[in-house]
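Take this structure first; my questions come after.
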Amino acid sequence: MIASKTKSDRYFLERFAKLIDRDEVAAGVFLAPALVILGLFLVFPILYLGYLSFTGGSFTRAGVHWVGLKNYLRLLLTPDFWQVIFNTVYFTIGTVIPSTIIPLGLAALLNRNLAFTGILRTIYFIPSIVSLVAAGLGFRWIFQADGAMNSLLANFGIDKISWLSDSVWAMPVVILVSIWKQIGFNLVVFLAGLQAIPSTRYEAAELDGANGWQQFLYITLPGIQSTLIFTAITTTIFTLKSFEQVYIITGGGPLNSTNLLVYYIYDRAFAQFDFGYAAAAAMVLLLFTFGLVYLQLQNSTQE
């Protein structure tokens, strides 16, 4: 009896070993834990978000109920939503363009053999590792009514500016925080792209009499085209998911002038408990972000 059981166990072990030897099965076995985690913490939440966007009610005894496309129709008919979309577009453009141009210029300078280049790279990268909450608190202190910025302006005879309570100036302050935060990361990316350009191209251009600006236009920019696209897309995604700076500095005010899409979703879901409407707004953000990711993947495949 024991001998037959041993033979049976050995048979199944041999069959299992042969099965594992197949590349497809082995890959499936090793990928299974990661796929389960992705499914549980990524795919399922997205599917559940899509389901919530077609429901109304809240997580109470009354529960949720199916409302179809009503939440999406409410989005289209709500003026506050379009104000938030305008704010988000304004914030995105105001952040992405400087966060691309400034690091590119700094990277072009730091890519040369200058003194203290390593120290300067470290200094420029520090903002990237600073928490947005800490940065927001710092900038809120600087731009408050009696803060450092107004004290500096007073030295030049300029009257105090209500930076955080003025609907004109509040958004530029939030944009400034985001630019300050993003410059270091983009600088590193651009440096990597610049260092991948062969130095022989610049040497040949110098022999042909090309000046520094011509070398930048006809060698540097074409050489980092894919890096530029990557940086622009990743910075756009960073701005679209911005929340902490708005939450800490302005709270979406004044007069809804700094209310961005992610903060709007948070407010509707966890302050007003309108989960279906918030889920519909989140789906709009998700689809737009997926579009940006698709563009990035297309850019990667064309390299």
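Side chains are part of it too, since the values below use all heavy atoms of this structure and drop only hydrogens, waters and symmetry mates. Nothing fancy with the numbering, it's 1 onward along the sequence.
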(message) Looking at Gln215 and Ala210, would you say the former's side chain and the latter's main chain have a donor-acceptor pair under 3.5 Å?
(response)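 Judged by distance alone, yes, a pair lies under 3.5 Å.
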(request) State whether the side chain of Gln195 and the backbone N or O of Ala192 hold a donor-acceptor pair below 3.5 Å, judged by distance alone. (result)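 Answer holds: no.
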(request) Assess whether atom CZ of Phe216 is packed by more than 12 heavy atoms of other residues, nucleotides or ligands within 6.0 Å. (result)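 Yes, CZ of Phe216 has more than 12 neighbouring heavy atoms, counting only those of other groups under 6.0 Å.
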(request) Identify whether the distance between the nearest side-chain nitrogen and carboxylate oxygen of Arg268 and Asp80 falls below 4.0 Å. (result)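 A salt bridge is absent here (no side-chain N lies under 4.0 Å from a carboxylate O).
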(message) Taking the side chain as everything from C-beta on, heavy atoms only, tell me whether Tyr124 gets closer than 4.5 Å to Pro103.
(response)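 They are not in contact (no side-chain heavy atoms under 4.5 Å apart), so the answer is no.
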(message) What I'd like to find out is whether the side chain of Ile229 reaches to under 4.5 Å of the side chain of Leu295, using heavy atoms alone.
(response)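 The answer is no, as the side chains (C-beta and beyond) never meet within the 4.5 Å cut-off.
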(message) Give me the atom names and distance for the closest heavy-atom approach of Ser128 to Lys181.
(response)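 Here Ser128 and Lys181 meet closest at O-NZ, 3.0 Å.
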(request) Find the distance between CZ (Phe139) and CD1 (Ile248) and round it off to the nearest 0.5 Å. (result)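 CD1 of Ile248 is found 14.0 Å from CZ of Phe139.
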(request) Enter the distance from Leu47:CG to Leu42:CG here, rounded to the nearest 0.5 Å. (result)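 One gets 9.5 Å once the value is rounded to the nearest 0.5 Å.
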(request) Measure the spacing between CZ of Phe290 and CE of Met283 and express it to the nearest 0.5 Å. (result)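 It is 8.0 Å, given to the nearest 0.5 Å.
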(message) Same cluster or not: Ile158 versus Leu164, using hydrophobic residues (I, L, V, M, F, W, Y) connected whenever any side-chain heavy atoms lie under 4.5 Å apart?
(response)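 Yes: a chain of side-chain contacts under 4.5 Å links Ile158 to Leu164.
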(message) Looking at Phe243, I want to see if its CZ is surrounded by more than 12 non-hydrogen atoms of other residues, nucleotides or ligands under 6.0 Å.
(response)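 Count over threshold, so yes.
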(request) Side-chain contact test, heavy atoms from C-beta onward, threshold under 4.5 Å: evaluate it for Leu292 versus Leu240 and give yes or no. (result)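 In short, these two side chains touch, coming nearer than 4.5 Å.
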(request) Say whether, by atom type as modelled, one donor and one acceptor occur between the side chain of Ser242 and the main chain of Phe238 under 3.5 angstrom. (result)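 Judged by distance alone, yes, a pair lies under 3.5 Å.
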(message) Strictly distance-based, threshold 3.5 Å: is any side-chain N or O of Trp141 a donor or acceptor partner for the main-chain N or O of Gly147?
(response)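 No; judged by distance alone, with no hydrogens or angles, the pair does not exist.
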(message) Check for me, please, whether Tyr51 and Leu69 land in the same ILVMFWY cluster - side-chain distances under 4.5 Å, paths through other members count.
(response)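 Looking at the clustering, Leu69 is in the same group as Tyr51.
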(request) Answer whether the closest heavy-atom distance between the side chains of Val173 and Thr250 falls below 4.5 Å. (result)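 Not in contact.
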(message) Count I, L, V, M, F, W, Y as connected when their side-chain heavy atoms are under 4.5 Å apart, and connections chain through other members. Are Leu194 and Ile183 then in the same cluster?
(response)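 As far as the 4.5 Å side-chain criterion goes, Ile183 and Leu194 are not connected within one cluster.
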(request) For residues Tyr266 and Tyr247, determine if any side-chain heavy atom of one lies less than 4.5 Å from a side-chain heavy atom of the other. (result)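 Contact flag for Tyr266/Tyr247 side chains = yes.
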(message) With rounding to the nearest 0.5 angstrom, report the CD to CG distance, Gln245 to Leu132.
(response)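 Answer rounded to 0.5 Å: 5.0 Å.
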(message) Do Thr88 and Leu285 make a side-chain contact, defined as non-hydrogen atoms from C-beta onward lying under 4.5 Å apart?
(response)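 Not touching, per the 4.5 Å side-chain cut-off.
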(message) Ignoring hydrogens, what is the shortest heavy-atom contact between Phe125 and Gly184? Give both atom names and the distance.
(response)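 Closest approach of Phe125 to Gly184, heavy atoms only: CD1-O, 3.5 Å.
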(request) Compare every heavy atom of Met171 with every heavy atom of Asn87, then report the nearest pair and how far apart it is. (result)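 Looking at all heavy atoms of both residues, the closest pair is O-CE, 3.7 Å.
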(request) Return each pair, listed once, that meets side-chain hydrogen bond (donor to acceptor under 3.5 Å, both in side chains) where at least one residue sits in residues 161-172; pairs must be two or more places apart or across chains. (result)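 Non-adjacent pairs meeting side-chain hydrogen bond (donor to acceptor under 3.5 Å, both in side chains): Asn150-Trp163.
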(request) Could you tell me which non-hydrogen atom of Val246 sits nearest to which non-hydrogen atom of Thr258, and how far apart they are? (result)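 It is CG1-O, 3.4 Å.
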(message) Using the rule given for side chain to side chain contact (heavy atoms under 4.5 Å, CB included), can you reason through Phe190 versus Asn111, listing the C-alpha separation, both sets of side-chain angles and the distance that settles it, and then say yes or no?
(response) CA-CA 10 Å; Phe190 281 130; Asn111 195 42; over 6 Å; no
(message) Here's a test for you: under side-chain contact (heavy atoms from CB on, under 4.5 Å), which of Leu176, Thr239, Thr100 qualifies with Thr95?
(response)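 Only match with Thr95 under side-chain contact (heavy atoms from CB on, under 4.5 Å): Thr239.
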(request) Could you tell me whether the side chain of Ile46 reaches within less than 4.5 Å of the side chain of Val43, counting heavy atoms only? (result)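 A side-chain contact is absent here, since even the closest heavy-atom pair is not under 4.5 Å.
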(message) Tell me if a side-chain donor or acceptor on Lys160 pairs with a main-chain N or O of Ala154 at a distance below 3.5 Å.
(response)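 No, the answer is negative, given that no donor and acceptor are paired below the 3.5 Å cut-off.
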(request) For Gln214, look at atom CD and say whether over 12 heavy atoms of other residues, nucleotides or ligands are found less than 6.0 Å away. (result)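 Check passes, neighbour count above 12.
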(request) Take Tyr277 and Thr78 through the side chain to side chain contact (heavy atoms under 4.5 Å, CB included) test and state the conclusion after the steps. (result) CA-CA 11 Å; Tyr277 181 88; Thr78 302; 3.5 Å; yes
(message) Using the salt bridge (Lys or Arg N to Asp or Glu O under 4.0 Å) criterion, which residues pair with Asp159? Sequence neighbours excluded.
(response)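 Not a single residue meets the salt bridge (Lys or Arg N to Asp or Glu O under 4.0 Å) criterion with Asp159.
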(message) For the CG atom of Leu260 and the CD1 atom of Ile265, what is their distance to the nearest 0.5 Å?
(response)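 Output value for this atom pair is 10.5 Å.
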(request) Evaluate side chain to side chain contact (heavy atoms under 4.5 Å, CB included) for Phe143 paired with Val177, printing each intermediate quantity in order. (result) CA-CA 11 Å; Phe143 287 97; Val177 179; over 6 Å; no
(message) Would the distance check show the side chain of Thr235 and the main-chain N or O of Ala232 forming a donor-acceptor pair, the cut-off being under 3.5 Å?
(response)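 No: the side chain of Thr235 does not pair with the backbone of Ala232.
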(request) State, with a plain yes or no, whether a side-chain heavy atom of Leu261 is found less than 4.5 Å away from one of Phe288. (result)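 Leu261 does not reach Phe288 side chain to side chain.
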(request) Show your working on side chain to side chain contact (heavy atoms under 4.5 Å, CB included) between Phe81 and Arg74 and close with a plain yes or no. (result) CA-CA 9 Å; Phe81 175 73; Arg74 288 172 59 200; over 6 Å; no
(message) So for atom CG, which belongs to Leu217, do other residues, nucleotides or ligands contribute more than 12 heavy atoms lying within a distance under 6.0 Å?
(response)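 Yes, because the 6.0 Å sphere around CG of Leu217 holds more than 12 heavy atoms from other groups.
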(request) Following the transitive rule for hydrophobic clusters with a side-chain heavy-atom cut-off under 4.5 Å over Ile, Leu, Val, Met, Phe, Trp and Tyr, establish whether Leu228 and Ile97 coincide in one cluster. (result)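 Unlinked, Leu228 and Ile97 end up in two clusters.
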(request) Measure the spacing between CG of Asn186 and CD1 of Ile101 and express it to the nearest 0.5 Å. (result)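 The CG atom of Asn186 sits 12.0 Å away from the CD1 atom of Ile101.
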(message) Check for me, please, whether Phe91 and Ile179 land in the same ILVMFWY cluster - side-chain distances under 4.5 Å, paths through other members count.
(response)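 Hydrophobic grouping puts Phe91 with Ile179.
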(message) Looking at every heavy atom in both Pro45 and Gly39, which two are closest together, and how far apart are they?
(response)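 That would be CD-O, 4.3 Å.
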(request) Considering non-hydrogen atoms only, spot the tightest contact between Ala280 and Asn71 and give its length. (result)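 Closest heavy-atom pair between Ala280 and Asn71: CB-CB, 3.8 Å.
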